[in-house]
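It should be emphasised that the depicted structure is a prediction, and the values quoted were computed from it without experimental measurement.
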Amino acid sequence: MTNAETELASYFAKYEPATAKFGKALRAKLRARLPGLFEIVYVYEGQNALVISYSPTERGYEAVCSISVYPRLVKLGFGRGAELSKSDPNKLLQGQGKMARYVELNSVADFDRAEIESLIADAVKLAKLRLDPNAKGAVIIKAEEQKQRARRATKAARPARRAKVRQSKKT
């Protein structure tokens, strides 16, 4: 197991066994469905969420889709879901964001539904990707980077200390 794989396994271990198993199974299916894409891992501790984005670049915001694992549910997200919703005859996509939409999944079998495959295929087409079945994608852990960014934001939000202004008495 690589260092990134070990770290990812530790994030899954924080969930109930059934939820972790479900998340890992969806990850395996997405890796098979989207070969060669980067798996970019984010941890949102405030929401108790683990998000894995599947992107052609090392930037998560360019992801074709993602899985979000929460304690009680798992979502399949689409970064350009608002555009996909036009070709979603079954109205599976949820969310009100300007860009992203998601589908809540209750089981691994939900992922295998034809409507879900159609959404994934449309997302790949929208991203203008040519997937190489022999390509291997890398796992990129962004969790530590997120913590550092949060610390910088907190530090920047603090009010600056005022320098003491000395007033001289005029005589």
*Asks:* Would you compute the distance between atom OG1 of Thr57 and atom CD1 of Ile40 and round it to the nearest 0.5 angstrom?
*Replies:*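 Interatomic distance, Thr57 OG1 to Ile40 CD1, rounded to 0.5 Å: 6.0 Å.
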
*Asks:* Drop me the distance from Glu104's CD to Gln94's CD, to the nearest 0.5 angstrom.
*Replies:* 5.0 Å

*Asks:* Say you draw a straight line from CD1 of Ile141 to CG of Asn3; how long is it, rounded to the nearest 0.5 Å?
*Replies:* 8.5 Å

*Asks:* Report the C-alpha separation of Val139 and Ile52 in whole Å, then their side-chain angles, then the decisive distance to 0.1 Å, and conclude whether the side chain to side chain contact (heavy atoms under 4.5 Å, CB included) test is met.
*Replies:* CA-CA 9 Å; Val139 177; Ile52 305 173; over 6 Å; no

*Asks:* Would you list the atom pairs, donor with acceptor, under 3.5 Å between side chains in residues 17-25 and any protein atom, with sequence neighbours excluded?
*Replies:*
from  : atom 1 : to    : atom 2 : distance (Å)
Thr19 : OG1    : Pro71 : O      : 3.4

*Asks:* Going hydrophobic residue to hydrophobic residue with side-chain gaps under 4.5 angstrom, can you get from Leu73 over to Leu26?
*Replies:* no

*Asks:* I want to check something: taking the side chain as every heavy atom from C-beta on, are Val64 and Leu126 in contact at a cut-off of under 4.5 Å?
*Replies:*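 No, side chains not in contact.
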
*Asks:* Measuring from Leu76:CG to Ser66:OG, what's the distance to the nearest 0.5 Å?
*Replies:* 7.0 Å

*Asks:* Mind jotting down which residue pairs meet the salt bridge (Lys or Arg N to Asp or Glu O under 4.0 Å) criterion with at least one end in residues 89-103? Sequence neighbours excluded, please.
*Replies:*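 Sorted result for residues 89-103: empty, none.
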
*Asks:* Could you state the interatomic distance from OH (Tyr54) to CG (Leu30), rounded to the nearest 0.5 Å?
*Replies:*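 Here the interatomic distance stands at 5.0 Å.
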
*Asks:* Checking Arg27 against Leu8 for the side chain to side chain contact (heavy atoms under 4.5 Å, CB included) test, could you report, in this order, the C-alpha distance in whole Å, the side-chain angles of both residues, the deciding distance, and whether it holds?
*Replies:* CA-CA 11 Å; Arg27 176 182 179 229; Leu8 181 54; 3.3 Å; yes

*Asks:* Tell me, which pairs form a side chain to side chain donor-acceptor pair (under 3.5 Å) where one or both residues lie in residues 68-79, sequence neighbours left out?
*Replies:*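 Qualifying pairs: none.
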
*Asks:* In terms of hydrophobic clusters joined by side-chain contacts under 4.5 Å, are Tyr102 and Val41 together?
*Replies:* no

*Asks:* Identify the two heavy atoms, one from Leu93 and one from Asp88, that lie closest to each other, and give their separation to 0.1 Å.
*Replies:* N-OD2, 2.8 Å

*Asks:* Run the salt bridge (charged side-chain N to carboxylate O under 4.0 Å, His left out) test against Arg80 and tell me which residues pass, sequence neighbours left out.
*Replies:* Glu83

*Asks:* With the side chain counted from C-beta on, respond yes when Leu37 and Ser55 share a heavy-atom pair under 4.5 Å apart, and no when they do not.
*Replies:* no

*Asks:* Once you round to the nearest 0.5 Å, how far does CD1 of Ile140 lie from CZ of Phe38?
*Replies:*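 Rounded to the nearest 0.5 Å, the CD1-CZ separation comes to 5.0 Å.
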
*Asks:* Which residue pairs satisfy the side chain to side chain donor-acceptor pair (under 3.5 Å) criterion with at least one member in residues 108-124, sequence neighbours excluded?
*Replies:*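 Listed once each, the pairs are Lys29-Asp112, Arg33-Glu117, Ser87-Asp122, Arg113-Glu115.
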
*Asks:* Of all heavy-atom pairs between Pro56 and Leu129, which one has the smallest distance, and what is that distance?
*Replies:*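 Closest pair (atom of Pro56, atom of Leu129, distance): CB-CD2, 3.7 Å.
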
*Asks:* For Val69, is there any backbone N or O sitting under 3.5 Å from a side-chain donor or acceptor partner on Tyr15?
*Replies:*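 Between the backbone of Val69 and the side chain of Tyr15 there is a qualifying donor-acceptor contact (under 3.5 Å).
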
*Asks:* I'd like to know if Leu84 and Tyr61 are part of one continuous hydrophobic network [Ile/Leu/Val/Met/Phe/Trp/Tyr, side-chain heavy atoms within less than 4.5 Å].
*Replies:* no

*Asks:* Would you mind listing every salt bridge (Lys or Arg N to Asp or Glu O under 4.0 Å) that reaches into residues 124-135, with sequence neighbours excluded?
*Replies:* none

*Asks:* Of all heavy-atom pairs between Ala63 and Ser53, which one has the smallest distance, and what is that distance?
*Replies:*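 Looks like CB-CB, 3.7 Å.
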
*Asks:* Linking I/L/V/M/F/W/Y whenever their side-chain heavy atoms sit closer than 4.5 Å, directly or via other members, would Ile116 and Leu131 fall into one cluster?
*Replies:*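 Yes; tracing contacts between hydrophobic side chains, which count when under 4.5 Å, links both residues.
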
